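Below is one structure, written out as C-alpha cells, with a few remarks after it.
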2 protein chains.
Amino acid sequence: MATDNRTRSPRSRATRQWPSMADVAALAGVSSQTVSRVANNRQNVDSVTREKVLSAMQTLGYRPNTAARALVTGRFGALGVVSFDVSAHGNARTLGAIADAAREADFSVNFMGVRAQTEAAVRHAFQHLMLQSVDGIVLVESQMLDTPSLRLPPSMPVVVADGDTGHEYPHVDFDQAHGSRSVVSHLLGLGHRTVWHLAGPADSFAARRRAESWRRTLVDAGAPVPPVVHGDWSARSGYRAGLDLARRPEVTAVFAANDQMAMGLMRALHEAGRSVPGHVSVAGFDDIAEAAYLVPPLTTVHQDFEVVGKHCVALLLDQVEGRTDGARRRAVEPVLVVRSSTAPPRPGALA
Amino acid sequence: MATDNRTRSPRSRATRQWPSMADVAALAGVSSQTVSRVANNRQNVDSVTREKVLSAMQTLGYRPNTAARALVTGRFGALGVVSFDVSAHGNARTLGAIADAAREADFSVNFMGVRAQTEAAVRHAFQHLMLQSVDGIVLVESQMLDTPSLRLPPSMPVVVADGDTGHEYPHVDFDQAHGSRSVVSHLLGLGHRTVWHLAGPADSFAARRRAESWRRTLVDAGAPVPPVVHGDWSARSGYRAGLDLARRPEVTAVFAANDQMAMGLMRALHEAGRSVPGHVSVAGFDDIAEAAYLVPPLTTVHQDFEVVGKHCVALLLDQVEGRTDGARRRAVEPVLVVRSSTAPPRPGALA
DNA sequence: ACTTGTTATGTTCGCGTTAACACGAGCGCT
DNA sequence: AGCGCTCGTGTTAACGCGAACATAACAAGT
C-alpha cells in the first residue's frame, strides 16, 4: 500500500539469529508446547520441568517472538498514541504518563505525531498505526480538527484524551471547568471586581472549556464579563496580549489559560510599569515546573498527569479485552496552587 | 518471561476480522503471491493485473498484516526510542523529531520511558523493546548511568543520542562545546573579566560537556576560572544558586547550562536587587519557546532538534539495512541567540 | 473392577506473509 | 530450429508460536 519500491532487503531471509522455542525445547528435552506454556506462565507445568525449561531459556538467551505470537493470537501487546506536538508541555506529560501506565500493563507504546490539525492527518496516523500492529489507540486530541465529528476506522479500540467529549469514544480529561472555577473564585474572593481572561487558541478543547467555565463563574458570581483576549498558548502571545491589557487601568486580575502565556503577560505588565501582584494579579494554568520560580512565583492550577495516563490505558484495555462494563468518561480534578502572583486589589485602584 | 499469569484472552483465536491476501487473491482471480507483489510494489507485475488487485484490495479494505510480514521477513518496520523523562524539554523535542523522521522513512516508533538512571533500568527497557518487535533502538541517553560502559544485548542496532560518546554505538548530539564556547566568548567579548557557570547535574553528559567547554574557553582566553556552581536543570536549583551568586559583587556574568536554571537565577538576582543585565549578565542554553519572553529576554543557544532526529534515524537505518559505510558520529551545531539579558559590565563594577 | 476426573505432557495444525523455485510464453539471437 | 534470455505468474515451504486436541499416568470415587 505504501510507496515502497525499495530494492530487496540485504538479509535475504530472516537469518536465524534468535533461538526459537524449538531450540529451547531441544535443549530442555521437552516439546515446544511445554516451552510455550512456561513462557506464558501457565500453571499446569511440573515445577521440575519448568526449571529445566527456564534454565534452557537462560543459556540460549531465548526471547519470544512477538510477531509470531501476534500472528497466532491476533494481539500485539502494543498501544498506539496519536498526539499533536509533543514539545507542548501537556502533550509530553500525557504521553509519558500513558507510556508508564502501558508498561505497567506489559504493553508497549507506539507513538505517532501529527502536525496538521485535520481529520485527514489524524486518520492517516491511525492507518499507519493500524496496519494491525497495535491493539488500541489513545488519541491525545488536544486541538480541534477541521471536522466536527471524528470518524475513525471501526473495530479498533480508541480512547480520546483531552479532546472533544462529543464523539462516541471513551474519554479522559482534566476537569477543566473545576480548575477554571477555582482560579476565578480565588481571584474574586480576594476582592477583585472581575477577572479578565487570556484564553488559549479557539481550536483547543481545553482552552474552550477553561474559557467557558471562567465566564460561567463570573456570571454566577454576578461579576461583569470582560471581553476575552485570545492567545495561542505561547509566551509570545501572552506578551502581545499583555501589552494591550497593561493599558487598561481597570484590569486588576487576569486568568491566563496556561502558564506560558502568564509568563509573557507578566513580562508585558512589568515593562509597562504595572507590578504583579501589586497592580495586577495574574494566575496561570498547568503548573509547569518553572511556575514557582517566576518573578513573582505564579499562582496556577496543578494537574496530575499520571492519573490521566492510568485512566487512558485502563479504559483502552477495557475495550481491548472485551470488558464493556467500564466507565466511559473519566475526569481528573486539578488543584489550585496559590503562590505570590495573586493578591487583593490595591485599595485605591480604579476597580 | 514476564510476570504474566492472567487468565486466557477473551478472543479464543484470532477472529478473522481482517481480509487476508487469500481473500484479495480470490476476488482478483490471481494467486496470493501476486497480491503480495502488488502490496510490496514490486515492478514485475502486469499493469492490468496490478489494477485488478488494487481494486480488490479497495473493495475488501485489505491491509497487510505486519505480524505475518515481520514473522517471515524478520523485520518489523518499527524503531524503539528509550528515553528518560519526556517532560524535559530536550527529551521531548528529540523524541518528536525522531518520530517525525521515522515516519518519513515509513517506520513507526515504539517509545519506552525510563525512570531510574541505572544501566539495569535501561537494559530492562531494551529487553522490553527487544522482544524482537523493533528493528533498532535510539537511546536518548541524556543522563549518565551508574556504570561507565553500557553493554547492551548484541545483534540489535543502536544509536545513542545526547549521551556518552565513549561507547561503541554510533552517536548523534549537539556540538555542546561549540555552543558553550559561543556563549562564553560572547560574554568575554562584551568586556566581562570572566564568566561564572551554573552547570547542570554532574550525571548529565550535556552538562559535563558544556562545563568543560566553558572552562576551556576561559582558559584559552586567559580569564580566571571561577568555581563551578551546580544545579539540576530545574528553575528551583537555578534560584538556589542565584541566591548565592547574588551575594558576590564580583559576579558580572553567568552562563547557565539551560534556560530553566537561567530563569531561577534571574529571579534570585531580581530579588536581591541585582538587575539583569545591568549588574549581571545572564545567558542560558536551549532556547525554549519562552526564552524570548522572560524579563529580560534571555540570551541563549538555539538547537535544531529536527536535524538530530533525522540523523538518529538515518544512522539507525544504516545499521538495520546493513550499510556500514555511514558516519558513526554526527554533531549538530547550535547557534547563539543574543537577546537582552547580556550586556557589557557597568563601568564602575568591581570586575 | 470400572468409570470419571485431573494433571502433565506431546502432536498437529494453521495464523498471513514472503522467499525460493518452477513454469510457460514470448523474444532475439545464432 | 534451437538456444538462452526476460517477464509475468503460480506453487510450495517455511517463519515461530499457541489453540485445540490427543495421550498417558495416576487418584478418587462408585
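Computed from a predicted structure; not experimentally measured. Letters go in sequence order (proteins before strands), and every chain restarts at 1.
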* Structure fact -> Contacts of F205(B) meeting ring pair (Phe, Tyr, Trp, His ring centres under 6.0 Å) (sequence neighbours excluded), chain-then-number -> none
* Asked: Which pairs with one or both residues in residues 309-318 of chain B pass side chain to side chain donor-acceptor pair (under 3.5 Å), sequence neighbours excluded?
  -> D318(B)-R323(B)
* To do: Check the distance between dG18(D)'s C1' and R75(A)'s CZ and give it to me in whole angstrom.
  => 14 Å
Check nucleotides 5-11 of chain D against the protein and report each pair of N or O atoms closer than 3.5 Å, with its distance, or say if there are none.
| unit_1 | atom_1 | unit_2 | atom_2 | d |
| --- | --- | --- | --- | --- |
| dT9(D) | OP1 | T49(B) | OG1 | 2.3 |
| dT9(D) | OP2 | D46(B) | N | 2.8 |
| dT9(D) | OP2 | T49(B) | OG1 | 3.4 |
| dG10(D) | OP2 | S31(B) | N | 2.9 |
| dG10(D) | OP2 | S31(B) | OG | 3.0 |
| dG10(D) | OP2 | T34(B) | OG1 | 2.7 |
| dG10(D) | N7 | R37(B) | NH2 | 2.8 |

* Asked: Is the backbone N or O of D85(A) less than 3.5 Å from a side-chain atom of N91(A), with the two atoms forming a donor-acceptor pair by type?
  -> yes
* To do: Can you tell me the distance, in whole Å, between the CG atom of N40(A) and the C1' atom of dC17(D)?
  => 9 Å
* To do: May I ask you to decide whether E321(B) forms a salt bridge with R75(B), counting only side-chain N to carboxylate O separations under 4.0 Å?
  => yes
* **Estimated bend of the helix from dA1(C)-dT30(D) to dT30(C)-dA1(D) (axis per five terminal pairs, rounded to 10 degrees)** => 40°
* **Whole-Å gap separating P (dG16(D)) and OH (Y62(A))** => 10 Å
* M21(B) has an atom CE; how far is it from atom P of dC15(C), in whole Å? -> 15 Å
* Nucleotide nearest V72(B) when distance is taken to its side chain, options dG18(D), dC15(D), dC17(D) -> dC15(D)
* Results of side-chain contact (heavy atoms from CB on, under 4.5 Å) for A99(B) - residues two or more places apart only -> F111(A), V109(B)
* Distance in angstrom units between N65(B) CG and dG14(C) P, rounded -> 18 Å
* Send over the distance from E51(A) CD to dT9(C) P, rounded to a whole Å. => 13 Å
* Contacts of type salt bridge (Lys or Arg N to Asp or Glu O under 4.0 Å), residue R115(B), not counting sequence neighbours -> D100(A)
* What is the distance from CG of N41(B) to P of dT17(C), rounded to the nearest Å? -> 16 Å
* **Which residues share a side-chain contact (heavy atoms from CB on, under 4.5 Å) with E51(A), sequence neighbours left out** => L54(A)
* Structure fact -> Residue set satisfying side-chain contact (heavy atoms from CB on, under 4.5 Å) with D46(A), at least two apart, ordered chain then number -> V48(A), T49(A)
* Asked: Over how many whole Å does the gap from F76(A) atom CZ to dC17(D) atom P extend?
  -> 16 Å
* What residues form a ring pair (Phe, Tyr, Trp, His ring centres under 6.0 Å) with F126(A), not counting sequence neighbours? -> none
* Asked: Phosphate oxygens OP1/OP2 of dC17(D): is one of them under 4.0 Å from a side-chain N or O of S36(A)?
  -> no
